[in-house]
Amino acid sequence: MDGLDTAALRPLWRAVHDRLSSGRPVSRVKVGPLDEEERSAVADLLGADRLPGRYATVSVVGLDELLRESVEAGLREVVVALLGPLDDLAGRRALATGARSGLWAWLAGHPVVTAQPVLLEWVDAVRRAGLVGGSVERTRDGLDRALRVVAALPATGVPLPVLAEAVLGDPHALDEGTRCAGLVLRALAALYGVDPPGDAQERRALWERAGVVEDELSPVVLVAGLRLGGVGGGVLRVCADAGHVAALTLAQVRATSFAGAPGNVWVFENPSVLAVAVARFGASCPPVVCTSGWPNSAVIVLLRGLAAAGATLRYHGDFDGEGVRIAAHVVARTGAVPWRMATGDYLSALGGARVATSVGRVTEAPWDDGLADAMREHGPAVPEERVTARLLDELDECGRDVGGLP
C-alpha cells in the first residue's frame, strides 16, 4: 500500500469506504471538497492529464482495475487495509426493521392483548411512540414488565408498592414517573375507555379503579342467593335466607371461606338484575353476583375465590361497546364463561326496542368472532335489563339450584 496511505488521498479513501459500507451497489463515488494538493493526488492516482474540480466523481470499477494493476489488490482490500472493516448499513437496517416488526407483532399477539382486544389501541400508541433509546431489547423488556402488571390487574385491594414487589420484584417499580407506571396507566385508560390521567389525582383514581387501594372497606360487591362459610359467608347466608341482596366489603370477602361453593354462579353486570332476581325468587334465589359495571377488587376476589373452589362463573352483561369490553375483562381475569353473549343472542334481543341507543365504540369479543361485526352493522345497544326476564326464566328452568352451604 506504499504511496496510497497519504493525507492527500485520505478524502478519497474515506469517501469510498463510506459508500461501500452502505451495503448497496456502488458504481461511482463523489469526493470533495478537495484542496489543490488533494486534487493533484487524485489526478496522479488516476493518471488524469488534468486536475479534477473541487468535487471529483470516481468510477469504482475503473479505480478497482487501476489498483489491481498497480498494487495487486482490489479497491475493497485497499480501503479495508487503510481504514478498517467495511460496514453493511443496508443489512443492519434490514435486520433492525425485522426486529422492530417482530417486536410489534409480539406485542399485538400477546395473550394479555388478545384476551382484551381494546388494548390494541394501546399497542398502536406504544408503536407510534417508538423504541426506547432506539433499542428493541430495552423496549420489549419494558413492555413485558408492563404487561405482567396489566395481567395482574385488577388487583385485590393492595397498595401500589405491594403490587410492584409481587409482580416485578421491586416495590418502587411502579413509582410515580417511572416508565413502567406510565405504560400501565395508559393501558388502563384504553381498557376503561377514559383519557390518560393528566395529574397525580387522576393517576391515583385510575390505580384505585384497577384494584390498587389502601383500604378494604371502600370496594363492595353485591351478591344474592349465595351461602358460604367464614365471616363474609355468614353475611351472605343471612341475606340469602332472608331473600335480600348482600353488600360485601373487600375485607369481608377476604374473611370468607369458599368451601362448599355451588357448581354454578351467575354473574351480571347491572345491579337491577339482582333486584329483579331477589324479588322473583326470594330466599330460593340462585347464587348471583353483580360486577356493577367494571369490577372492583371485591368483585374480583370473590369471583376468583368461587372459581378456585370449583364454581363455574356464567357471565352476562350489556350488548354495547363497553359491555363487551367489561365482559372480556371479567372473562380474562376470573375465568368466567360468557353466557347468552353470542351473536345470535344479540340479534334475537334486538326486536321490540322502543328507544335505540347506539352500541358506541365496539371492539372485538374474544369468545365470538362475529359479535362485534353484528353490533356495528345493526347499531342499537341491548341493555341487560331488556333481557332480564328471559335470563331469569332460564335460571328457573335450570332448577335454580340454590347454591352454597345449607
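Only a predicted model underlies this, so the values are computations on that prediction, with no experimental measurement involved.
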Side chain to side chain contact (heavy atoms under 4.5 Å, CB included) between Tyr192 and Val118: does it pass, once the steps are laid out? CA-CA 9 Å; Tyr192 295 130; Val118 68; over 6 Å; no
Just so I know, are the side chains of Asp345 and Trp339 near enough to count as touching, which here means a heavy-atom distance under 4.5 Å?
no
All heavy atoms of Leu303 vs all of Leu313, minimum pair found to be O-CD1, 3.5 Å
Item to check | Worked verdict on Val273 versus Val288 for side chain to side chain contact (heavy atoms under 4.5 Å, CB included) | outcome: CA-CA 9 Å; Val273 179; Val288 180; 5.6 Å; no
May I ask you to decide if Met341's main-chain N or O and Trp367's side chain share a donor-acceptor pair within less than 3.5 Å?
-> yes
Any ion pair linking Glu121 and Arg361 (charged N to carboxylate O, less than 4.0 Å)? yes
In Thr291, Thr388, Asp318, the residue satisfying side chain to side chain donor-acceptor pair (under 3.5 Å) with Asn270 is Asp318
>> For Asn264, is there any backbone N or O sitting under 3.5 Å from a side-chain donor or acceptor partner on Thr312?
In response: no
Separation between CG (Leu236) and CG (Asp241), nearest 0.5 Å, reads 10.5 Å
Taken to the nearest 0.5 Å, the spacing of Phe319 CZ from Leu371 CG works out to 6.0 Å
For Glu202 and Gly198, indicate whether the former's side chain and the latter's backbone hold a donor-acceptor pair under 3.5 Å. yes
- Heavy-atom check, side chain of Ser272 versus side chain of Glu384, under 4.5 Å: no
**Asked** When you measure from the side chain of Arg39 to the backbone N and O of Pro52, does any donor-acceptor pair fall under 3.5 Å?
**Response** yes
**Q.** Backbone N/O of Val221 and side chain of Asn296: donor-acceptor pair under 3.5 Å
**A.** no
query: Quick check: are there more than 12 heavy atoms from other residues, nucleotides or ligands sitting under 6.0 Å from CG of Asp199?
result: yes
For Val359 and Pro380 the tightest heavy-atom approach is CG1-O, 3.1 Å
How about Leu107 and Leu147: do any of their side-chain heavy atoms sit closer than 4.5 Å?
yes
(message) Regarding Asp144 and Arg148, does a basic nitrogen lie under 4.0 Å from an acidic carboxylate oxygen?
(response) yes
Heavy-atom nearest pair, Gly232 first then Thr256, reads CA-OG1, 3.2 Å
Subject >> Close side-chain approach of Arg100 to Val136, heavy-atom, < 4.5 Å >> reply: yes
What one should report as the nearest heavy-atom pair of Ala190 and Trp122 is CB-CB, 4.1 Å
Rounding to 0.5 Å, atoms OG (Ser297) and CG (Leu250) come to a distance of 4.5 Å
Point to revise | Side chain proximity check, Met375 to Val324, heavy atoms < 4.5 angstrom | key: yes
* Taking C-beta and beyond as the side chain, do Pro262 and Leu226 meet within less than 4.5 Å on heavy atoms? -> yes
**Asked** More than 12 foreign heavy atoms under 6.0 Å from CD of Glu37: is that the case here?
**Response** no
Is Glu38 reaching over with its side chain to a backbone N or O of Asp35, donor-acceptor style, under 3.5 angstrom? yes
Under 4.5 Å between any side-chain heavy atoms of Leu153 and Leu163, yes or no? yes
Is Arg376 paired with Asp373 through a side-chain N to carboxylate O contact shorter than 4.0 Å?
yes
To the nearest 0.5 Å, atom CG of Leu188 lies from atom CH2 of Trp207 at 6.0 Å
The single option from Pro286, Pro287, Cys285 that satisfies side-chain contact (heavy atoms from CB on, under 4.5 Å) with Leu395 is Pro286
| task | Give the intermediate values and the outcome of side chain to side chain contact (heavy atoms under 4.5 Å, CB included) for residues Arg204 and Gln201. | result | CA-CA 5 Å; Arg204 209 162 36 245; Gln201 182 176 354; 4.0 Å; yes
Q: Show your reasoning for whether side chain to side chain contact (heavy atoms under 4.5 Å, CB included) applies to Leu191 and Val150.
A: CA-CA 10 Å; Leu191 180 64; Val150 174; 5.7 Å; no
Atom CZ of Arg127: over 12 foreign heavy atoms under 6.0 Å | no
Tell me whether the rings of His316 and Phe268 are parallel (<30°), tilted (30 to 60°) or perpendicular (>60°). tilted
Does any N or O in the side chain of Ser135 come within less than 3.5 Å of the main-chain N or O of Val132, such that one atom is a donor and the other an acceptor? no
In terms of heavy-atom contacts, Gly142 and Leu183 come closest through O-CD1, 3.9 Å
To the nearest 0.5 Å, atom CZ of Arg333 lies from atom CD of Gln116 at 4.5 Å
When rounded to the nearest 0.5 Å, the distance separating OG1 of Thr178 from CZ of Arg145 is 8.5 Å
query = Got a donor-acceptor contact below 3.5 angstrom from the Asp368 side chain to the Ala342 backbone?
reply = no
Original post:
Does a side-chain heavy-atom distance below 4.5 Å link Leu228 with Ser257?
Top reply: no
Of all heavy-atom pairs linking Pro117 and Glu364, the shortest is CG-O, 3.5 Å
Practice prompt. Would you confirm whether His17, through its side chain, and Gly84, through its main-chain N or O, come within 3.5 Å as a donor-acceptor pair?
Written response: yes
**Asked** Are any side-chain N or O atoms of Gln252 and backbone N or O atoms of Val235, one a donor and one an acceptor, separated by less than 3.5 Å?
**Response** no
